Structure formats: structure tokens, C-alpha cells
Amino acid sequence: MGVPGPFPGSPGRPDAPAPDREEVDRALERLGAEYEAIETSLLALQDHAGRRLLEGAELSGTTKERWAEAERSITVLWSLFDAYTAALESARELRERRRWPSAEDLAELTELLHGEGVTVPATGADAETAGGDPEDGQARPGERFSLEGLVTRMNGLYARSLDVIVAADSVWSALPARIDLLSAELQRTRSLAHSVGVRPGEHPAGDDLERITEELSRLRARVIADPLAFWVSSSTGSSAPGGGRPDTGRYDRAARALEDIRREVAAVLDVRQDAERRLMQLRDVLSRADRTLTEARQARGEVLAKIAASEVPAVSGPSTALHEQLAAAADYRRRAQWHRLSPLLDSLEERAEDELHRARESLTAVTAPLAVRAELRGRLDAYRAKAARHGVAEDPLLTERYDIARRMLWSAPCDLRAAEQAVWRYQQAAAEALVPLQREGREES
């Protein structure tokens with residue numbers, strides 16, 4: 001806020017016990033400049049916006065205690081400044097008596113400028129500070145100082161008072177405005193959430209919105225009443241007034257929680273915009289699963305009629321629970337209960353895909369014997385064609401074994417184990433019939 005730092009230090013007491021006129025004049029000039037700097041700092045402290053806020057606020061906690069102490073320090077500070085002013089004016093008056101001061105005048109000036117001749121006057125704060133710790137920086141009535149010691153004491157009081165003011169002003173400048181912006185964003189999110197059914201008691205995010213609203217209200221009231229409770233002193237150990245930063249931990253947690261709710265509401269909005277397409281896809285997946293199961297049941301009946309001595313697994317019916325939940329999802333959509341529809345659709349989409357996969361596995365399992373029969377038929381015909389190409393298909397043994405295998409594979413019910421043995425015997429006979437032909441081919445070459 002443009003408040004100067006601690007007051008400039010005193011020039012100190014010279015080594016020579018009796019300064020000459022020029023040295024006295026230089027000391028008075030330095031003290032005059034020091035006086036101007038001190039007065040400027042005190043007036044800036046008096047006009048600091050943070051001080052005016054502290055004076056008008058209903059404080060509590062740490063801030064109330066520290067501001068009461070700072071007010072006492074400021075009162076003492078002005079009292080010390082008045083004593084400093086009076087001592088400086090006395091020295092100036094003494095110096096102005098003669099153009100060429102006598103030795104007695106120089107001795108008296110030396111005592112005024114460097115001796116402990118400044119007595120602290122009584123103030124309204126004396127009753128509260130009397131009897132306290134002399135290390136607390138407060139001056140006691142009747143205590144005597146040199147001008148240098150007086151400046152040192154004023155520096156300490158000024159720094160502690162300014163630290164309280166700057167810290168409180170920094171917190172007030174940082175947090176309430178941010179809390180108000182977050183509260184406005186929370187109200188927008190609440191309106192949008194209510195429009196999609198995210199309300200307290202109906203959706204966890206609705207309860208979280210209420211909790212964050214209450215938290216921001218409590219946080220703002222606490223920041224206004226006790227800003228120093230939200231001040232973190234500098235970790236570097238700096239003694240400069242206002243060295244530190246506002247503690248935004250509670251605000252940051254509320255902001256993150258609100259962001260999580262905004263994402264949840266956005267997800268619900270996506271569900272509303274995409275609900276019909278997802279419901280249609282779910283109906284299609286479940287319909288395909290149902291048709292596949294129907295086909296599997298029909299295939300099972302065919303297998304049981306056409307294949308003998310084979311384990312055929314049973315086929316379950318459509319999932320009643322999935323169809324009931326699909327009907328509930330459609331009802332949620334009609335009633336615009338998007339917050340309930342969202343998790344239900346997520347669950348249904350995964351389970352519907354699992355149902356279709358299960359139906360396909362059932363169809364594969366029950367039709368496996370038919371696939372085995374088809375493979376055996378194909379193998380038998382392939383070997384007969386090979387025998388025909390080499391002119392041995394009409395071999396009586398081959399003809400006999402082919403007819404046996406074919407009757408087994410094309411009759412119902414088909415004994416797959418016996419049919420597989422028949423095909424294997426035909427395959428063996430065909431291989432033996434082809435051996436002489438292969439030997440003749442090698443001899444001719």
C-alpha cells in the first residue's frame with residue numbers, strides 16, 4: 001500500500017566526547033531528515049486501508065487479540081514520536097540561541113543528541129502495558145532513552161503493528177473476492193444441476209453442493225472476522241512486515257470439490273443428450289442376444305434329434321433382470337431423471353455385451369456336434385475325390401468302407417464316435433491303395 005519500511009537508524013554517538021559546531025549541525029540535519037521519514041511512515045500507517053478495515057470490523061480470535069495489541073503499540077508509538085519531536089525541538093532551540101555556541105552549549109547539545117535524556121510520557125495504554133515484559137517492545141512511563149534508543153524502540157513497535165495490518169489486508173484482499181467468485185460459480189452449477197435432477201437427497205453430488213455452499217459461507221464469515229487465522233508467515237524467516245502469504249487451503253479444497261461436481265453434472269448432461277441413442281443400442285444388443293439364444297435352443301433340438309451319444313449343454317432363456325432394468329432406464333428417460341439414468345446405462349451397456357457374448361457361446365456349444373459331423377463329411381468326400389483322381393475309387397474295399405461311413409454320417413441319429421472311426425478306416429484304406437501307385441511313379445521317373 002505504499003507504506004515505508006522501518007524508520008532509518010540513528011547516526012549513533014560519535015567517539016569524540018565534545019563535538020564541534022559543524023558536527024552538531026550535521027547531527028541536527030540528520031535528525032531532521034530522520035524526523036521527516038518517521039513522520040511520513042506514521043502518517044502512512046495511520047491512513048493504511050488495512051488499518052481502517054481493522055478499526056471498523058467485528059473481529060474475533062487471533063486477529064482480535066493481535067489488533068488490540070497493535071492498537072496499543074500504535075498509541076505508544078505516537079507517544080514516543082512526540083517525545084522524539086520534543087527532544088529534537090529542544091536541541092534546535094538550544095542551537096539557535098547563538099551562532100557560535102559556547103563549550104557549555106556544545107556539552108548540553110551533546111547530551112540532548114546522544115545522552116539518555118528523553119523521558120517517556122504517560123499514555124492511555126500505560127495501564128495495560130505497565131508491569132509487562134520489558135522485551136515486548138512497549139515503552140514504560142518514566143523510562144529514559146537516547147534518541148538512538150527511541151528510534152530503535154519505535155522501529156520495533158512500527159514493524160509489529162504494520163505486520164498485523166499488512167497481513168490482515170493481504171488476506172482480505174485475496175480471499176473474500178475469490179470466495180465470492182467461487183460462490184457465484186457454485187450458484188450457476190447448482191442451477192444446472194437442479195435442471196438435470198442432481199438435487200440434495202436424490203444424488204450424492206446434490207448433497208455435496210449443499211455442503212460446499214455451507215462451507216463457503218462459514219469460510220467467508222471466518223475470513224472477515226479473523227483474517228490472521230488464514231495467514232502463513234514466511235518460511236524464509238524474513239522479519240519484514242507482511243512477510244508471508246494467505247492460507248488458501250480451505251478455499252482450494254472447496255474449489256476442487258466444486259470442479260468434481262461440475263464434471264459429474266457434465267456427465268449427466270451428456271447422458272441426457274445421448275440417452276435415446278444409447279437406449280436404442282441397448283435394445284439392439286439385447287435383441288440380438290435373445291435371437292441368438294432362440295437359435296441356440298432350436299439348434300439344440302436339432303442336435304438332439306440328429307446326433308446320438310453326445311453331451312449337448314442346456315440353453316438358458318433371455319435375462320429377465322436385464323429387460324426389467326432396460327424398462328427402468330426408459331422410464332428414467334421419460335421422467336428426466338438423468339442422474340439415475342447415467343449409472344444405470346453404464347452398467348447395462350457392459351452387462352448387455354456380456355449377455356450377447358454368453359448367447360453366442362451357447363450357440364457355439366450346442367452346434368459343436370453338427371460342426372464335427374460337417375467336418376467328417378467334408379473329410380470323407382475329400383478323400384474319395386482324391387481316390388477318384390488316382391483311379392482307385394471303385395476299389396471294392398474302398399467302396400465298402402465309403403458306403404459304411406456315408407450311411408453313418410447321413411443317417412439320424414448319427415453316432416459321431418462310430419462315424420469318426422468309419423471315416424478313419426476309409427482314410428487308411430485309401431492311403432494303402434495309393435501306395436503302389438506312388439511306388440510306380442517313382443520307378444518310372
Side-chain angles (χ1 to χ4, degrees), residues 1-3 44-74 160-235 238 240-266 268 339:
M1 302 298 293
V3 177
L45 182 67
Q46 196 74 12
D47 292 335
H48 196 289
R51 172 179 174 146
R52 293 195 296 271
L53 290 173
L54 284 165
E55 288 177 336
E58 295 184 7
L59 303 175
S60 64
T62 301
T63 307
K64 183 176 182 179
E65 295 175 4
R66 292 190 60 190
W67 174 236
E69 180 183 346
E71 282 189 307
R72 292 193 295 270
S73 295
I74 292 172
R160 284 193 292 274
S161 302
L162 184 60
D163 185 63
V164 171
I165 293 171
V166 171
D169 188 52
S170 297
V171 173
W172 279 334
S173 298
L175 275 175
R178 296 172 69 180
I179 293 171
D180 291 342
L181 288 174
L182 189 62
S183 296
E185 180 62 30
L186 185 146
Q187 292 304 319
R188 289 191 291 270
T189 303
R190 182 206 292 270
S191 298
L192 184 59
H194 284 195
S195 71
V196 295
V198 178
R199 300 183 179 90
E202 298 181 11
H203 192 284
D207 297 330
D208 290 340
L209 276 173
E210 290 300 305
R211 179 182 58 78
I212 296 173
T213 301
E214 295 172 1
E215 166 64 5
L216 289 181
S217 178
R218 290 193 300 269
L219 178 59
R220 194 181 195 286
R222 179 81 187 281
V223 167
I224 295 301
D226 191 9
L228 295 184
F230 298 88
W231 183 252
V232 180
S233 298
S234 174
S235 60
S238 173
R245 59 175 178 80
D247 179 6
T248 61
R250 285 177 61 179
Y251 167 86
D252 293 337
R253 288 191 292 273
R256 287 193 296 269
L258 180 58
E259 183 59 30
D260 292 340
I261 294 174
R262 290 177 62 186
R263 285 195 291 268
E264 176 69 20
V265 172
V268 173
H339 62 290

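One is the number of the first residue; the rest follow in order along the sequence. A quick note: this is a predicted structure, and the numbers were derived from the prediction, not measured.
- Residues Trp172 and Ile224 form a side-chain contact, since some pair of their non-hydrogen atoms from C-beta on lies under 4.5 Å apart.
- Using modelled atom types, no side-chain atom of Ser217 and backbone atom of Glu214 make a donor-acceptor pair closer than 3.5 Å.
- With respect to the salt-bridge test (charged N to carboxylate O, under 4.0 angstrom), the residues Glu210 and Arg190 qualify.
- A 6.0 Å sphere centred on CD of Glu55 holds more than 12 heavy atoms belonging to other residues, nucleotides or ligands.
- A heavy-atom distance below 4.5 Å is not found between the side chains of Thr189 and Glu264.
- One finds the CG atom of Leu175 at 11.0 Å from the CG atom of Leu182 (value rounded to the nearest 0.5 Å).
- Residue Ile179 comes nearest to Leu216 through the heavy atom pair CG2-O, 3.9 Å, listed as atom of the first residue, atom of the second, then distance.
- Arg245 places no side-chain N or O within donor-acceptor distance of the main-chain N or O of Val232, the cut-off being under 3.5 Å.
- Annotation: salt bridge (Lys or Arg N to Asp or Glu O under 4.0 Å) contacts of Arg250 (sequence neighbours excluded): Glu215.
- Salt bridge present: Arg262 and Glu259 bring a charged side-chain N and a carboxylate O closer than 4.0 Å.
- Shown here are the salt bridge (Lys or Arg N to Asp or Glu O under 4.0 Å) partners of Asp180, two or more places apart in sequence or in another chain: Arg220.
- Within the 4.5 Å cutoff, the side chain of His203 has no heavy atoms near those of the Asp208 side chain.
- Nearest approach of Leu59 to Trp67, heavy atoms of both residues: CD1-CD1, 3.7 Å.
- In terms of heavy-atom proximity, Gly61 sits nearest to Asp226 at CA-OD2, 3.7 Å.
- With rounding to the nearest 0.5 Å, the separation of CG in Leu53 from CD1 in Ile165 is 10.5 Å.
- Contact annotation: the side chain of Thr62 never approaches that of Trp231 to less than 4.5 Å [non-hydrogen atoms, C-beta and beyond].
- The backbone N or O of Gly201 lies less than 3.5 Å from a partner atom in the side chain of Asp207, making a donor-acceptor pair.
- Residues Leu258 and Ile212 come closest through the heavy atom pair N-CD1, 3.6 Å.
- Summarising the geometry, atom CZ belonging to Arg199 is positioned 12.0 Å from atom CG belonging to Leu209; distances are rounded to the nearest 0.5 Å.
- Considering all non-hydrogen atoms of both residues, Pro227 and Ala168 come closest at CG-CB, 3.9 Å.
- The shortest non-hydrogen separation linking Gly206 to Val198 is N-CG1, 3.5 Å.
- A distance-only check finds a donor-acceptor pair linking the side chain of Thr63 to the backbone of Leu228 [under 3.5 Å].
- A salt bridge is absent between Arg66 and Glu69: the closest approach of a Lys/Arg side-chain nitrogen to an acidic carboxylate oxygen does not fall below 4.0 angstrom.
- Taking the charged nitrogens against the carboxylate oxygens, Arg160 and Asp163 have no contact shorter than 4.0 Å, which rules out a salt bridge.
- Within the 4.5 Å cutoff, no side-chain heavy atoms of Asp169 are placed close to those of Arg51.
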